[in-house]
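Okay, structure first, notes after.
Any value given below was found using the heavy atoms of this structure, including those in side chains, with hydrogens, waters and symmetry copies removed. Since this is a predicted model, take the numbers as computed values, not measurements. Positions are given from 1 along the sequence.
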Amino acid sequence: MIVPNILENVDLQPFNTMAVPSRCRFFLTAENVDDIRYALTWAKQKGVSVSILAGGSNCLLPAFVDALVVHPKLLGITLLEDFETSVLVKASAGENWHAFVLYCLNQGFFGLENLALIPGMVGAAPIQNIGAYGVELKDVFETLEALDRDTGELVEFNSAACEFDYRDSVFKHRLENRVVITAVTFRLSRHASVAECYPALEAALAAVGRSKSATPHDVAAAVVAIRQKKLPDPRELPNAGSFFKNPIVSNNVAKRLKQRNPDVVMFDAGEGYKKIAAGWLIEKAGWKGKEQFGVRVHEHQALVITNPNRVERDQILKMADAISSQVLALFGVTLEQEPRLL
């Protein structure tokens with residue numbers, strides 16, 4: 001085994017899409033599972049904690065990470081099973097998510113097209129149970145492979161074991177910092193059926209005359225166009241995508257909100273519940289395009305907090321706090337932020 005190189009005092013600003021200035025005590029790029037095992041053993045011997053930092057698109061870093069930061073770059077896509085109507089495709093954790101979506105489309109493997117252009121890596125997708133335009137990762141998920149931090153053994157998780165929920169999974173709770181996801185397997189369709197029931201997606205397809213005859217490639221193209229129009233490219237304007245979850249409230253709360261605000265944007269969220277558009281709440285509270293603490297709410301999408309001045313995490317959290325407090329005061333609805341604190 002080639003011993004991987006552990007670096008010291010590494011700048012992490014290039015490793016997070018919010019461009020938060022941050023440095024770490026130790027840093028290792030893991031090319032394979034054995035590199036991760038080595039990192040865990042080395043850290044245990046040195047009495048150092050381990051933090052996993054992949055695409056850095058859904059996290060906020062402190063000014064200094066007093067840990068060994070492991071950056072997984074495990075690559076590889078494998079067709080495990082090819083059935084008449086579906087396929088099982090396994091992708092390593094370090095594969096770029098959008099590139100993987102495009103690969104599957106070009107292979108005739110369908111089901112991921114609504115999730116196009118979501119930033120980040122494959123390994124992080126199940127943690128957040130990423131979702132967009134009416135589709136969630138759990139809808140196409142088969143299993144995942146993860147390294148147990150204590151034993152160094154690979155463990156398989158099915159959908160039930162992942163405990164998927166809205167932008168949530170067991171990996172953000174009971175198993176946080178207990179395992180490292182190394183690969184994810186998806187069950188995708190050979191049939192080109194599409195999910196276009198989301199209003200913004202329906203409108204985008206109708207605008208190009210494809211509302212009744214859309215292909216998965218059409219859907220992916222429409223999703224990319226919508227996201228590029230609404231969401232800033234983090235390489236040009238640092239951001240972490242949607243900063244808040246869409247809050248889920250009871251029908252009674254939704255009804256009262258609707259009576260006071262007839263134009264409120266909401267969706268069904270299962271029996272007895274509605275999902276309120278967090279972007280609508282933030283915009284109505286007057287935050288769209290507003291700047292405070294060196295941080296700015298995006299002028300095209302109030303759900304996105306940008307970091308044009310590349311300020312530290314505390315400033316971003318102050319802004320998020322101010323937004324949440326005002327939304328709660330005006331609408332009686334609590335916002336929950338999406339990015340995790342490393």
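Annotation for Phe64: atom CZ counts as buried by contact number, over 12 foreign heavy atoms lying within 6.0 Å. Around the NZ atom of Lys73, the shell of radius 6.0 Å holds no more than 12 heavy atoms that belong to other residues, nucleotides or ligands.
When each of Val184, Leu175, Thr143 is paired with Phe157, the side chain to side chain contact (heavy atoms under 4.5 Å, CB included) condition holds for Leu175 and for no other. Among Arg340, Gln128, Arg167, the one residue that satisfies the side chain to side chain donor-acceptor pair (under 3.5 Å) test with Asn58 is Gln128. Partner of Phe186 under the ring-ring contact (aromatic ring centres under 6.0 Å, His included) criterion, out of Phe100, Tyr103, Phe109, Phe141: Phe100 alone.
Residues Phe244 and Ala278 approach most closely at CB-CB, 4.4 Å, considering heavy atoms. Closest of all the heavy-atom pairs between Pro126 and Leu144 is CB-CD2, 3.8 Å.
Take Arg227 and apply the side chain to side chain donor-acceptor pair (under 3.5 Å) test, not counting sequence neighbours, and it matches no residue.
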| task | Carefully, step by step, assess Asn307 and Gln315 under the rule side chain to side chain donor-acceptor pair (under 3.5 Å). | result | CA-CA 10 Å; Asn307 188 17; Gln315 301 299 99; over 6 Å; no

| said: If you apply the rule ring-ring contact (aromatic ring centres under 6.0 Å, His included), what do you find for His191 with Phe110, and how did you get there? | reply: CA-CA 7 Å; His191 295 310; Phe110 307 121; 9.2 Å; no

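The aromatic rings of Phe331 and Trp280 are tilted relative to each other, their planes meeting at an angle between 30° and 60°.
With respect to the salt-bridge test (charged N to carboxylate O, under 4.0 angstrom), the residues Glu81 and Arg187 do not qualify.
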